[in-house]
Enquirer: 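I'd like to ask you about the structure that follows.
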Amino acid sequence: MKKRFSIIMALTALLAFVIPNSSFAGIGGPTSYKYSTYSANNVKLNVIQTIPGNIQLKALNLSANLENTSNIGINGGFFSNQVEETTGMKKTHNIAINNGKPVIGTDKAGNNGWYNSGNQGTIIWDAKNGKFLFKVLNNGWEVNKAVGHNSYSYWAQGGVSMSLGSTSWKDTITKEKLPNPDGKVQRTAMVYSGTGIYLIVTDTKCTAEAFRAAIQQYFGIKDGSPKNDVNGIFLDGSGSSQMRAYDNNNKLINIKGDSRALHQIVTVTP
C-alpha cells in the first residue's frame with residue numbers, strides 16, 4: 001500500500017512538472033491562462049485570467065496592432081502619436097516597468113514607461129514578497145520606494161484608478177483625468193483579485209460607469225463595500241481596446257478595436 005501511494009505521488013509530481021499552471025488548461029486550450037466571458041447590464045466582458053508571474057509589459061512603439069503580433073494579452077496604458085525628444089520614441093503616458101526598467105530602454109528622462117500623467121493608479125506585483133500593491137504614483141522612483149527593496153523583481157502598470165468598492169470613484173477618475181468617461185466606447189482594464197490578475201476588454205460600447213459596474217458585479221463588489229485584495233485600473237480605451245487570446249477550444253479570440261497601432265501592451269507568457 002505504501003509503495004502504491006509513493007507511485008501515485010510521483011506521477012502527480014511529474015504531471016505538475018509537465019503541465020505548468022494546469023488549473024488554467026481547457027480541452028486543448030492554453031495552460032498559462034484562462035479566457036472567459038461575462039455579461040452584466042448589457043456589457044460583455046472578455047476576461048483573461050492568469051497569475052502575476054505570467055505577465056510581461058512590452059512596447060510596440062506604434063509599429064503594429066495586437067492582432068498582427070503573436071502576443072497573448074491586451075492593450076496597455078494611454079499614449080499619443082508625439083515623439084519624445086529624449087528617447088526618439090513615441091510617448092506613453094503611463095508607468096510600464098519590468099524589473100526596474102521602463103518598457104522603452106533605460107533612459108528615464110522621457111515618456112518611456114517611467115512616468116504616469118500625474119499621480120495615477122498603479123498596480124505593482126512585488127514578486128520578491130509575493131503580493132500586489134495598489135498605489136497612486138507619478139513615476140518609477142516612487143514605484144521603487146513603494147516596493148521597498150532593491151531586487152527589482154517586480155512589474156508595475158499605471159492607468160486610472162477604478163476605485164472598486166469606493167463611493168468616491170467619480171471624483172478619483174476626474175482627478176486622474178480619465179479620457180471620455182461618459183462616452184460610449186470600448187474599454188480596457190487590469191484588475192487583481194487575491195493572487196490572480198485579470199485582463200479585461202469589452203467590445204460593448206459603454207460609459208466608464210457601466211464598464212466599472214460590470215466589473216464590480218463580476219468580482220462581487222458593491223460601492224461602499226470594497227475588498228482589500230481587489231482593485232483595478234482603467235487602461236486605454238476606444239479604438240485602442242484590443243485583446244488577443246485563445247479559448248479552451250483553441251479558437252483565436254481577436255478584439256480589434258479600430259485596429260490602430262499600439263504603443264504599449266500587457267502580455268501573458270505562453
Enquirer: Strictly by ring pair (Phe, Tyr, Trp, His ring centres under 6.0 Å), give each pair with a member in residues 174-194 just once, sequence neighbours left out.
Expert: F132-Y192
Enquirer: When you compare the side chain of F134 with that of I123, does any pair of heavy atoms fall below 4.5 Å?
Expert: yes
Enquirer: After noting the C-alpha distance and the side-chain angles of Y246 and Y33, does the key distance pass the ring pair (Phe, Tyr, Trp, His ring centres under 6.0 Å) rule?
Expert: CA-CA 9 Å; Y246 289 89; Y33 66 91; 7.8 Å; no
Enquirer: Side chains of C206 and T202, heavy atoms from C-beta outward: is any pair under 4.5 Å?
Expert: yes
Enquirer: Without swapping roles, check the side chain of T122 against the backbone of G158 for a donor-acceptor pair under 3.5 Å.
Expert: no
Enquirer: Would you call D203 and N46 a side-chain contact if the rule is heavy atoms closer than 4.5 Å?
Expert: yes
Enquirer: May I ask you to decide if the ring planes of F234 and F211 are parallel, tilted or perpendicular, using 30° and 60° as cut-offs?
Expert: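 F234 vs F211 ring planes: tilted.
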Enquirer: At what distance, to the nearest 0.5 angstrom, does CD of Q120 lie from CD1 of I95?
Expert: 8.5 Å
Enquirer: Taking C-beta and beyond as the side chain, do N231 and V191 meet within less than 4.5 Å on heavy atoms?
Expert: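 Counting from C-beta outward, N231 and V191 never come under 4.5 Å.
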Enquirer: Does R244 reach the main-chain N or O of I74 with its side chain, forming a donor-acceptor pair under 3.5 Å?
Expert: no
Enquirer: Please evaluate residues K170 and D182 with respect to the criterion salt bridge (Lys or Arg N to Asp or Glu O under 4.0 Å), reporting the C-alpha separation (whole Å), side-chain torsions for both, the decisive distance (0.1 Å), and the verdict.
Expert: CA-CA 11 Å; K170 287 186 178 179; D182 298 322; over 6 Å; no
Enquirer: Is the backbone N or O of R260 less than 3.5 Å from a side-chain atom of D258, with the two atoms forming a donor-acceptor pair by type?
Expert: yes
Enquirer: Counting only N and O atoms by type, is there a donor-acceptor contact under 3.5 Å from the side chain of S117 to the main-chain atoms of H93?
Expert: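 Judged by distance alone, yes, a pair lies under 3.5 Å.
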Enquirer: Give a yes or no answer on whether the side chain of E176 reaches the backbone of G121 with a donor-acceptor pair at less than 3.5 Å.
Expert: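 Yes, the answer is positive, given that a donor and an acceptor are paired below the 3.5 Å cut-off.
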Enquirer: Just by modelled atom types, is the K131 backbone N or O under 3.5 Å from a matching donor or acceptor in the N129 side chain?
Expert: no
Enquirer: Start with the C-alpha gap between N144 and Y154, add the side-chain angles, then the distance that decides, and say whether side chain to side chain donor-acceptor pair (under 3.5 Å) holds.
Expert: CA-CA 9 Å; N144 289 339; Y154 70 82; 2.6 Å; yes
Enquirer: Hey, is K128 close enough to D126 for a salt bridge, meaning N to O under 4.0 Å?
Expert: no
Enquirer: Quick one: CD on Q242 to CG on N71, what's the gap to the nearest 0.5 Å?
Expert: 11.5 Å
Enquirer: Should the pair R212-D223 be classified as a salt bridge under the 4.0 Å nitrogen-to-oxygen rule?
Expert: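 Salt bridge between R212 and D223, a charged N being under 4.0 Å from a carboxylate O: yes.
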Enquirer: With side chain to side chain donor-acceptor pair (under 3.5 Å) as the test, would you mind laying out the steps for Q157 and N94 before giving the verdict?
Expert: CA-CA 7 Å; Q157 175 66 58; N94 286 112; 5.6 Å; no
